2 protein chains.
Amino acid sequence: MREALLESAIDHFGRCGFEGAATRAIAADCGTAMSSITYHFGGKEGLYLAVAEHIAAQLAEHHRDALEAIAVTPVKTREDAIERLVAVLDALAATMLGAKAARWARFIIREQQEPTEAFDRIYSIAMRPMTEAFIPLIAAARPDLSDREQRASGFLLFGQALALRAGRASLCRVLGLEHLDAEAELLLRRRLATHTRAILSAGPETLP
Amino acid sequence: MREALLESAIDHFGRCGFEGAATRAIAADCGTAMSSITYHFGGKEGLYLAVAEHIAAQLAEHHRDALEAIAVTPVKTREDAIERLVAVLDALAATMLGAKAARWARFIIREQQEPTEAFDRIYSIAMRPMTEAFIPLIAAARPDLSDREQRASGFLLFGQALALRAGRASLCRVLGLEHLDAEAELLLRRRLATHTRAILSAGPETLP
DNA sequence: GTCTATACTACGATAGAC
DNA sequence: GTCTATCGTAGTATAGAC
């Protein structure tokens with residue numbers, strides 16, 4: 001029942017926000033009574049924080065393979081670093097375009113606007129590991145940049161994938177589609193890979 | 001009073017969402033009674049839609065100058081188109097980093113996750129004009145791409161600026177800052193301009 | 001462990017005084 | 001136009017039955 005309540009709560013909190021979500025409705029979706037939430041999580045706030053950790057764990061698990069793949073062997077060349085970054089960002093874009101991410105993202109994007117303790121948990125469990133794998137690759141691809149420039153560029157690269165979810169309603173309208181189909185998703189991922197290579201391949205030797 | 005209620009409502013709806021926001025609290029911020037909302041807007045839902053139009057109008061006004069500047073003379077060369085795009089994206093990034101956008105963005109980003117009629121109004125008033133100015137410039141900068149590729153690339157470029165707001169909590173952590181200072185904002189805008197040039201300068205003649 | 005019953009609070013809508 | 005008063009509804013929390 002604990003698990004079912006968490007899954008239901010992801011959707012309710014994501015769609016309605018903390019205040020807007022109704023504990024009675026969350027419980028009803030699981031065929032149980034609202035007081036189960038009090039029992040399992042101590043109350044609405046406890047449920048909210050548990051949802052954050054639940055999402056963070058699923059997200060971390062979801063990206064585990066992609067992160068292990070890029071970390072397993074030392075980076076040899078700039079081109080190697082760039083292709084690893086392309087692979088990570090493509091995995092991230094696929095996640096952002098997928099259906100599972102929609103549920104998680106509704107919750108997370110809300111938290112980004114007005115971060116609470118829940119964001120701390122999501123960041124430390126799911127995002128920090130990705131950042132820590134990401135920045136060294138940027139450094140390897142663009143050693144000409146300062147540490148802060150590398151982090152800024154890394155975030156902006158990351159942002160392109162993030163926008164696929166955060167700005168999805170606008171994206172559909174720009175592409176003139178009701179919903180994103182498989183063809184559009186592939187196109188977006190290919191463009192993102194091209195952008196990534198263009199950004200990371202530039203440097204002092206090509207742009208003096 | 002109508003104006004005051006709208007301004008207060010931007011913050012309450014943005015922070016708490018539609019269901020979470022309390023009309024009594026919105027009215028109290030303006031030193032008036034909740035029934036003023038009934039009088040001016042017909043109810044909570046009417047207020048919400050009015051807020052959407054209010055934000056859209058302010059956003060459109062905010063970007064009017066930048067859009068006029070890029071549309072006033074015909075585009076002559078690829079380089080000309082690229083520098084116009086750099087200028088628009090820089091203006092957009094400045095907006096996203098600014099304080100006014102924080103209030104608007106809380107409202108808009110919520111709508112993007114679960115679009116309602118309010119998003120239609122924001123998109124048609126504030127975003128469509130920007131898209132319609134943006135895509136032709138991409139076409140001029142990258143005539144080698146198909147229409148759909150141009151739109152996808154345009155959105156991803158746009159997404160970097162969007163992420164400055166939508167992912168701000170993560171951005172601060174990646175940069176190791178409590179809040180973004182002026183120096184960090186300038187750095188991000190410069191990186192975005194560099195990325196924009198790298199993405200748009202690439203093409204069949206440079207990357208065969 | 002889970003549910004029922006209940007207490008309490010706060011919400012939005014509305015009618016009517018000013 | 002704005003406010004007060006009031007209504008019905010819906011929220012959380014808690015205690016106690018099973």
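In what follows, chains are A, B, ... by sequence order, proteins preceding strands, each numbered from 1. Nothing here was measured: the structure is a model prediction, and the numbers come from that model.
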Under the side-chain hydrogen bond (donor to acceptor under 3.5 Å, both in side chains) test, residues paired with B:Asp120 that sit two or more places apart: A:Arg173
For B:Ser36, give me all partners under side-chain hydrogen bond (donor to acceptor under 3.5 Å, both in side chains), at least two apart in sequence or on another chain. B:Thr32
For B:His62, check ring-ring contact (aromatic ring centres under 6.0 Å, His included) against everything at least two apart and list the hits. B:Trp104
Using residues 164-172 of chain A as the side-chain source, report each donor-acceptor pair under 3.5 Å to any protein atom, sequence neighbours left out, with the distance given to one decimal.
from     : atom 1 : to       : atom 2 : distance (Å)
A:Arg165 : NE     : A:Met96  : O      : 2.9
A:Arg165 : NH2    : A:Met96  : O      : 2.8
A:Arg165 : NH2    : A:Gly98  : O      : 2.8
A:Arg168 : NH2    : A:Leu97  : O      : 3.2
A:Ser170 : OG     : B:Gln112 : OE1    : 3.4
A:Ser170 : OG     : B:Gln112 : NE2    : 2.9

Picking from D:dT2, C:dT2, C:dC11, which would you name as closest to the side chain of B:Ala22? C:dC11
Scan for salt bridge (Lys or Arg N to Asp or Glu O under 4.0 Å) pairs involving residues 87-97 of chain B, sequence neighbours excluded, and state none if there are none. B:Asp90-B:Arg189
For residues 51-64 of chain B, which residue pairs qualify under salt bridge (Lys or Arg N to Asp or Glu O under 4.0 Å), counting only residues two or more places apart or in two chains? B:Glu53-B:Arg121, B:Glu61-B:Arg64, B:Arg64-B:Glu68
In whole angstrom, give the distance that lies between atom CD1 of B:Ile26 and atom C1' of C:dC11. 12 Å
B:Met1 CE - D:dT2 P separation (whole Å): 6 Å
Quick tally for nucleotides 13-18 of chain C: nucleotides whose base has a protein heavy atom under 4.0 Å get B, sugar-phosphate-only ones S, the rest -, giving BB----
Pairs involving residues 24-49 of chain A, ordered by first then second residue, that meet ring-ring contact (aromatic ring centres under 6.0 Å, His included) (sequence neighbours left out): A:Phe13-A:Tyr48, A:Phe18-A:Tyr48, A:Tyr48-A:Phe107
Calculate, to the nearest 0.5 Å, the distance between atoms CG and CD1 belonging to B:Leu59 and B:Ile108 respectively. 5.0 Å
Look at the side-chain N and O atoms of A:Tyr39 and state whether any lies under 4.0 Å from the OP1 or OP2 oxygen of C:dT2. no
Tell me which residues in residues 5-21 of chain B put a heavy atom below 4.0 Å from DNA chain C, sorted by number, or none. B:Ala21
Taking any heavy-atom pair under 4.0 Å as a contact, classify B:Ala33: base, sugar-phosphate, or nothing. base
